[in-house]
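Here is the structure we will look at, set down as structure tokens.
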Amino acid sequence: MINKILRYTVIYLVLLLLQVLIFNNIQFSGYINPYVYILFLLLLPYETPGWILLLVSFLGGLIIDLFTGTPGMHAAATLAAAFVRPYILISISPREGYKAETELTAAVYGFRWFVIYTLGMVFIHHLVLFYLEVFRLNDFFRTLARVILSSSFTAIIILMLEYLRKGR
Amino acid sequence: MRNLLQFLAKHNRLIVFILLEGVAFYLIFTSNNYHNTQLVKGIRSSTLAWESIINDLTNYFRIKKLNDQLHTENTELRNTLAKITAKSKDTLSTIIFSTTEEPQYEFIAAEVVNNSVNRQKNFFTVNAGTRKGVNVNMGVISPDGVAGIIISTGKNYSVAISLINLDFRLSAKIKSNDYFGSLSWDGSNYRYAILNDIPQHVFLNKGDTIITTGYSAIFPAGIMVGTISDFEKSGSEFYRIKVKLATDFKKLSNIYLIKNNRSQEQLSIEKAFQ
């Protein structure tokens with residue numbers, strides 16, 4: 001148990017560093033801002049109790065907020081993604097269900113499953129985040145374009161990170 | 001307490017979700033001015049130290065470029081100084097005038113320690129605060145041009161709203177013909193901003209210089225903003241002018257804060273008429 005907590009803490013810290021040092025500085029033409037730290041939420045085990053999932057995601061988002069100077073925004077977005085996570089998992093559950101004590105990764109449940117899972121979660125997160133950031137509706141379609149482009153980009157990076165992590 | 005939480009959560013994940021989301025929204029709304037929450041202020045000071053270290057590191061890699069920039073700026077200043085001294089020799093009155101009167105604008109040099117260009121509402125932090133005489137509503141310029149306006153001050157640090165922020169408005173004019181309009185950022189590319197309210201009978205050229213008007217008591221008149229890169233007619237009356245910004249916000253490092261010694265006077269008179 002302690003081992004597991006330690007392991008996820010390390011994963012979170014690495015993602016935090018990557019986000020603050022690298023991905024916060026990436027910007028293509030004002031449309032693509034990847035928020036890759038959301039990967040920590042994807043990896044938490046299936047059997048994690050709902051309230052722990054919510055609390056952890058809230059805190060995780062809040063720490064990112066402190067580094068980017070946007071109090072509450074990332075916390076709200078990550079929390080929304082954590083809330084939707086069980087529904088996404090149920091709707092795409094594999095035929096034999098989820099195994100306990102396994103990570104929710106491509107290695108266990110297949111590449112196609114992981115892509116759909118990642119895209120769904122990242123899209124929800126970016127949707128909430130970008131609309132909260134702009135906080136107006138008169139640029140509705142431009143923001144939607146940003147959400148879609150950034151989500152795809154974030155998903156690609158997450159898939160690459162997963163590949164690197166497993167490729168070791 | 002833990003049992004209660006566990007009970008609530010097991011039977012109603014929704015409650016925890018709504019509670020936490022409430023906290024998050026509370027934070028978003030109470031920190032409209034970005035830095036006002038005491039909580040964030042407290043923790044920011046610890047992350048700022050960390051940001052200073054990152055900033056020092058990145059500055060080290062750009063040291064040559066910064067040096068060149070300072071060098072060119074120095075030569076320009078020398079030239080203007082030479083011009084002024086040559087002029088003031090002409091008449092005794094100008095010397096007396098310039099020494100007895102307090103200058104309208106003073107500059108405070110500072111460095112940017114935290115900056116972003118990838119958000120819709122960008123801010124940057126500078127390493128000068130009330131101890132150096134920084135106040136809210138002071139203009140910030142880079143050696144290249146306008147950069148932002150101070151919106152919150154601490155003892156040693158201040159936060160400025162960046163020109164590339166959806167909420168930023170700047171009164172700017174075309175240098176060649178003095179027509180003025182409102183400059184704002186459209187949220188897409190951090191190198192370009194949009195100048196509105198220029199009537200369509202005005203003759204425009206690509207490459208025309210855009211400068212500040214000095215109407216706002218924040219920036220002096222004539223500070224570089226950018227150059228016209230493109231323009232199109234919007235509606236039947238005005239142009240929508242795309243301005244290439246002189247300041248590259250990704251490289252923002254050495255900056256000057258502008259203190260307007262007469263802003264109080266201007267604002268109080270303007271207020272009396274409203």
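Naming convention: chains lettered A, B, ... in sequence-line order (proteins, then strands); numbering from 1 in each chain.
- For the pair R13(B) and Y87(A), the cation-pi criterion (under 6.0 Å, within 45° of the ring axis) is fulfilled.
- Contact of I52(A) with chain B is not made at all, since no heavy-atom distance falls under 4.5 Å.
- Contacts between N115(B) and chain A at a heavy-atom distance below 4.5 Å are absent for every atom of the residue.
- Heavy-atom distances place both the backbone and the side chain of F83(A) under 4.5 Å from chain B.
- Within 6.0 Å of CG in N3(A) there are 12 or fewer heavy atoms belonging to other residues, nucleotides or ligands.
- By the salt bridge (Lys or Arg N to Asp or Glu O under 4.0 Å) test, K4(A) pairs with E47(A), E101(A), sequence neighbours left out.
- Not counting sequence neighbours, the partners of E133(A) by the salt bridge (Lys or Arg N to Asp or Glu O under 4.0 Å) test are R146(A).
- Residues I15(B) and W51(A) form no side-chain contact, since every pair of their non-hydrogen atoms from C-beta on lies 4.5 Å or further apart.
- Between L27(B) and L62(A) the shortest side-chain heavy-atom distance falls below 4.5 Å.
- Rounding to the nearest 0.5 Å places CZ of F17(B) at 11.5 Å from CG of L53(A).
- For A80(A), the parts lying near chain B are the backbone and the side chain together; criterion is any non-hydrogen pair under 4.5 Å.
- Separating the CG atom in D65(A) from the CD1 atom in I28(B) is a distance of 7.5 Å, to the nearest 0.5 Å.
- For the atom pair CG (L129(A)) and CZ (R119(B)), the distance works out to 10.0 Å, reported to the nearest 0.5 Å.
- Residues of residues 113-121 of chain A never come within less than 4.5 angstrom of chain B, heavy atom to heavy atom.
- Not a single donor-acceptor pair under 3.5 Å links the side chain of N118(B) to the backbone N or O of N33(A).
- Contact of the K121(B) side chain with the M73(A) side chain is not registered, since no non-hydrogen atoms from C-beta on lie closer than 4.5 Å.
- Among residue pairs with one or both ends in residues 6-15 of chain A, those qualifying as salt bridge (Lys or Arg N to Asp or Glu O under 4.0 Å) are R7(A)-E103(A); sequence neighbours excluded.
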